[in-house]
Amino acid sequence: MELPEVENVLKTLPPALARRHIRQILIRFPERVFHCTPAALRRGLRGARLAGLGRRGKFLLFRLSNGQALVWHLGMSGRVAAGPSLSPRKHLLMAMKLDDGRFIKLYDARRFGRIGLADLRALPSHPFFRRLGPEYDDSQLTVRVLVQSTRRFRKKSVKEALLDQSFVAGLGNIYASEVLHDARIDPRRPVRSLSSMELRRLLASIRSVLDDAIACGGTSVRDYVDAGGRKGGYQHRLKVYRREGLACLRCGRKSGVVRSVQSGRSTFYCPRCQR
DNA sequence: ACACGACCCTGTTCGC
DNA sequence: TGCGAACAGGGTCGTG
């Protein structure tokens, strides 16, 4: 679940859920609660009123009127659903019963996700967020900031830097490959070796690819669905991700897209037009 | 101070 | 068809 998918999950949760009071909390995988005890999470949520939704990087925020927020990182397989009953219970991570009788249900098949409670006024210092880099659309994020940031990385490739949430928050494995193809940069290049002109292209591509993906409702390459159970549409726009052996959609090179592995994760790129 | 691999899980797809 | 291996929108921790 990357930034565009999280963004679409929050956009597709029924707005009517906000302003409802939380009556009951069910936590089925207490080992997935971090930085506070499950009891403290329960105490923070019970009786509170939902005040809106937010996002920071890949974290989804359920803002509460008591100044706190339920924070959820969806991991690889997080899903959310709202409805009149608790079923289905398979892979249910936690649920909140609201005062209109409906449930907000958080699912996590692989249990890589994390939930926690954060004080909204101190969000940046919360352990979940302390090391997060800038949002992709933050006006404070400039080429100059990126140039400065690349100096921290001794050996890291530009692909690995894009996956590092302290560089820019929100990119994951699909969009890292797509962004680098859009920017015509070889993913294996040491990020330190990029010129400021290349970083300018990289930043522009981060913004355009993520904006497009959000507008398309995210990428459903496997089983991602939004809060309404609907698939995204960006999988039809992917230029390289999971297109190994197929022609490059930009330069036309036959069997152009190559798959390699970096830090144990697949990278897809065109060796002709990405340099 | 870094870089790397192992590890946490379940589900689906692939190759023999 | 069966069965194990490989792989999957992620991140943290221990080790060298």
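Here is the naming used below: chain letters follow the sequence lines, and residue numbers restart at 1 for every chain. The shown structure was predicted, so the numbers you read here are calculated from the model rather than taken from an experiment. What you see below is based on every heavy atom in this structure, not just the backbone, and it leaves out hydrogens, waters and symmetry mates.
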Exercise. So is Arg111(A) actually on top of Phe29(A)'s ring, under 6.0 Å and inside 45° of the axis?
Worked result: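 Arg111(A) over Phe29(A) ring: yes.
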Problem set entry | Phe34(A) six-ring face occupied by Arg114(A) cation (under 6.0 Å, within 45°) |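 Relative to the ring axis of Phe34(A), which defines the angle, Arg114(A) lies inside both limits.
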Whole-Å gap separating [atom2] ([N]) and [atom1] ([X]):
X	N	atom1	atom2	value
Trp72(A)	dG11(C)	CH2	P	14 Å
Tyr224(A)	dA8(C)	OH	C1'	17 Å
Arg222(A)	dA6(C)	CZ	C1'	11 Å
Glu160(A)	dA3(B)	CD	P	8 Å
Arg32(A)	dT12(C)	CZ	P	11 Å
Leu162(A)	dG10(C)	CG	C1'	15 Å
Met76(A)	dC7(B)	CE	P	17 Å
Ile115(A)	dG11(C)	CD1	C1'	16 Å

Exercise. Are OP1 or OP2 of dC9(B) and a side-chain N or O of His91(A) less than 4.0 angstrom apart?
Worked result: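 Checking dC9(B) against His91(A), no side-chain N or O comes under 4.0 Å of OP1 or OP2.
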Exercise. With respect to the phosphate group of dG11(C), does any side-chain polar atom (N or O) of His73(A) fall under 4.0 Å of OP1 or OP2?
Worked result: yes
For this session: On DNA chain C, check which nucleotide each of Arg131(A) and Val221(A) is closest to and give me the residue with the more 5' one.
Result: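 With Arg131(A) and Val221(A) compared, the 5'-side residue is Val221(A).
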For this session: Answer yes when Lys156(A) and Asp164(A) have at least one side-chain N-carboxylate O distance shorter than 4.0 Å, and no when they do not.
Result: yes
Exercise. Between Asp223(A) and Arg152(A), which is nearer to the 5' end of DNA chain B once each is assigned its nearest nucleotide?
Worked result: Arg152(A)
Problem set entry | Of Arg110(A) and Lys156(A), the one whose closest DNA chain B nucleotide lies more 5' |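 Final value for this comparison: Lys156(A).
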Problem set entry | side chain to side chain donor-acceptor pair (under 3.5 Å) assessment of Ser266(A) paired with Arg259(A) | CA-CA 6 Å; Ser266(A) 292; Arg259(A) 173 182 174 268; 2.9 Å; yes
Please report the distance separating the [atom1] of [N] from the corresponding atom of [M], rounded so that it comes out in whole Å.
N	M	atom1	value
dC7(C)	dG5(B)	P	15 Å
dC7(B)	dA5(C)	P	15 Å
dA6(B)	dA6(C)	P	13 Å

For [X], answer base if it contacts any base atom (sugar-phosphate contacts may also be present), sugar-phosphate if it contacts only those atoms, and nothing otherwise; contact means non-hydrogen atoms under 4.0 Å.
X	answer
Ser266(A)	sugar-phosphate
Arg259(A)	sugar-phosphate
Asp108(A)	nothing
Arg111(A)	sugar-phosphate

Which listed nucleotide ([options]) is nearest to the side chain of [X]?
X	options	result
Gln165(A)	dG11(C), dG10(C), dG11(B)	dG11(C)
Lys90(A)	dA8(C), dG11(C), dG11(B)	dG11(B)
Arg154(A)	dA3(B), dG11(B), dG10(C)	dA3(B)
Phe112(A)	dG11(B), dT12(C), dC9(B)	dC9(B)
Lys155(A)	dG10(C), dG11(C), dA3(B)	dA3(B)

Exercise. Strictly under 6.0 Å, is that where the ring centroids of Phe128(A) and His73(A) end up?
Worked result: no
Seminar exercise, completed: Paired to dT12(C) by Watson-Crick or G-U wobble criteria (both distances under 3.5 Å) is dA6(B)
Exercise. Between the main-chain N or O of Gly57(A) and the side-chain N or O of Glu135(A), is there a donor-acceptor pair closer than 3.5 Å?
Worked result: yes
